[in-house]
Amino acid sequence: MRRVVRQSKFRHVFGQAVKNDQCYDDIRVSRVTWDSSFCAVNPKFVAIIIEASGGGAFLVLPLQKTGRIDKSYPTVCGHTGPVLDIDWCPHNDNVIASGSEDCTVMVWQIPENGLTVPLTDPAVVLEGHSKRVGIITWHPTARNVLLSAGCDNIIMIWNVGTGEAMITLDDMHNDMIYSACWNRNGSLFCTGSKDKKLRVIDPRKMEIVAKSMDEPIALHEMDTSNGVLLPFYDPDTSIIYLCGKGDSSIRYFEITDESPYVHYLNTFSSKEPQRGMGYMPKRGLDVNKCEIARFFKLQERKCEPIIMTVPRKSDLFQDDLYPDTAGPDAPIEAEDWIEGKNADPILISLKQGYVPSKSRELNVVKKNILGSKPATHKKDEPVSSHKKPAEVSHPHSDGKVDDFMKELRSMKDTIRTQGERISKLEGIISSLTANEESEG
């Protein structure tokens, strides 16, 4: 009997690593023992957590800055302990958040063309965890909403625009939190924990809406490796990619609504094991080459892009591969979300390709620090009692002062660097002059 093959346009998806000159070389990828992806990517930049003495640091490279990365290339280096997780803001390609062993979350504004001097001053510091912060993830649709999870087993949800915690969930987990992920409209999030339980949480009601799932709808045996799997799901194509940490392969599956639900597609394998993995948002892909996913694989001293492609003969735009996808505009504000509003992502077409917009400044409006400290939501407090943050009296002048202070700090850093360089050159010249005189 002939075997019936399931019809799917993704059956022949194949992966291919880029050429060596399109990789990022001589990068000291972090060796910290933590199971995050160590890499975050958007249509402008690739960020990589690296080894750093005397604190924590990560690189931020413009995508086109391939080849060997000089050891003196400036880093983002404001943490006093190793950086454990990084995540780009989905609504501003120049804003990135980082969580660290120093128990803080920091949010950074990256200059339009990347760093020219080390970045040590974050736009905002979020303090509230008592142990290291290993997980951070931005809300998919509400502007300036950021979730952090610490080794204190506490989840905090922040309004980055005011620098305050809106929600604190301190009684949901009795063991270490391994991962956290929002659903598509950000009304719920899901966590995985050391206690082997999956929890689906409604943060505004402060309730676990699903805890122990009795039976999975599908079970797929992978292998006997004990490495952590980094999952990346594409809602546009319903493909899930599983990248094993310490492994050298990317397995990918198509998810459908009918049994058996999970359909194995293929495996991309290479020689070098992966220390981490970055995943490009759909708007950063090359639609002219039928690229449906792009990974940034971290090796010991290298970052290697891997491109997933659907083979097509036509050069025309393939509508079936590229439905409208989540764009960079936020449909609601943090204040709307905390009051109970939900919104799906604002979709954009990729037919003409996506062009990243110019940098937008992250405005952090601080409250009067002399006033009473705003209370964060605890389990016994209704969310509806939360009031909108008070407006400061002169937000525009505050923004200008911040801008001038940033520019002043940047100029001082440049002057200091140039001064050190001048001193070195003077020393070299004086030694050469002394040598010439002694020879004469």
Problem set entry | Derivation and outcome, salt bridge (charged side-chain N to carboxylate O under 4.0 Å, His left out), residues Asp93 and Lys44 | CA-CA 7 Å; Asp93 286 341; Lys44 286 184 182 179; 5.5 Å; no
Measure the shortest side-chain to side-chain distance between [X] and [Y] over non-hydrogen atoms and say whether it is less than 4.5 angstrom.
X: Met308; Y: Leu285; answer: no
X: Leu350; Y: Arg283; answer: yes
X: Ile96; Y: Phe58; answer: yes
X: Val29; Y: Gln299; answer: no
X: Leu147; Y: Ile155; answer: yes
X: Leu242; Y: Phe253; answer: yes
X: Met172; Y: Ile208; answer: yes
X: Val95; Y: Gln109; answer: yes

Backbone N/O of [Y] and side chain of [X]: donor-acceptor pair under 3.5 Å:
X: Thr137; Y: Cys181; answer: no
X: Asn94; Y: Ile110; answer: yes
X: Ser37; Y: Gly276; answer: no
X: Trp34; Y: Gly134; answer: yes
X: Arg275; Y: Ser30; answer: yes
X: Trp337; Y: Gly186; answer: yes

Exercise. Given the side-chain rings of Phe10 and Tyr252, with only the six-membered ring counted for Trp, is the space between their centroids under 6.0 Å?
Worked result: no
How many angstroms lie between atom [atom1] of [X] and atom [atom2] of [Y], to the nearest 0.5 angstrom?
X: Leu362; Y: Arg143; atom1: CG; atom2: CZ; value: 10.5 Å
X: Gln274; Y: Cys243; atom1: CD; atom2: SG; value: 6.0 Å
X: Tyr261; Y: Thr256; atom1: OH; atom2: OG1; value: 8.5 Å
X: Ile135; Y: Asp35; atom1: CD1; atom2: CG; value: 10.0 Å
X: Ile240; Y: Arg251; atom1: CD1; atom2: CZ; value: 13.0 Å
X: Leu298; Y: Ile48; atom1: CG; atom2: CD1; value: 5.5 Å

Seminar exercise, completed: Which of Leu115, Val60, Leu61 passes side-chain contact (heavy atoms from CB on, under 4.5 Å) with Phe45? It is Val60
Might you point out which heavy atoms bring [X] and [Y] nearest each other, and give the distance in Å?
X: Glu51; Y: Val32; result: OE2-N, 4.1 Å
X: Ala293; Y: Tyr241; result: CB-OH, 3.5 Å
X: Asp236; Y: Asp324; result: OD1-O, 4.2 Å
X: Thr80; Y: Asp102; result: N-OD2, 3.0 Å
X: Thr141; Y: Pro331; result: O-CD, 2.9 Å
X: Ile239; Y: Tyr233; result: O-CD1, 3.5 Å

For this session: Report yes or no: is the cationic atom of Lys297 (NZ for Lys, CZ for Arg) closer than 6.0 Å to the six-membered ring centre of Phe268, at no more than 45° off its axis?
Result: no
For this session: Indicate the ring-plane relationship of Phe189 and Trp182, choosing parallel, tilted or perpendicular according to the 30° and 60° boundaries.
Result: perpendicular
Does a donor on one side chain sit under 3.5 Å from an acceptor on the other, for [X] and [Y]?
X: His79; Y: Ser98; value: yes
X: Asp70; Y: Ser72; value: yes
X: Asn20; Y: Lys302; value: yes

Exercise. If you draw a 6.0 Å radius around CZ in Arg312, do more than 12 non-hydrogen atoms from other residues or ligands fall strictly inside?
Worked result: yes
For this session: Count the heavy atoms belonging to other residues, nucleotides or ligands that lie under 6.0 Å from CD of Gln16, then report whether that count exceeds 12.
Result: no
Exercise. Can a salt bridge be assigned to the pair Arg301 and Asp26 using a cut-off of 4.0 Å between side-chain N and carboxylate O?
Worked result: yes
Exercise. Salt bridge (charged side-chain N to carboxylate O under 4.0 Å, His left out) between Glu300 and Arg31: does it pass, once the steps are laid out?
Worked result: CA-CA 9 Å; Glu300 192 169 356; Arg31 294 176 175 275; 2.6 Å; yes
For this session: Only one of His129, Arg132, Lys131 passes side-chain hydrogen bond (donor to acceptor under 3.5 Å, both in side chains) with Asp152; say which it is.
Result: His129
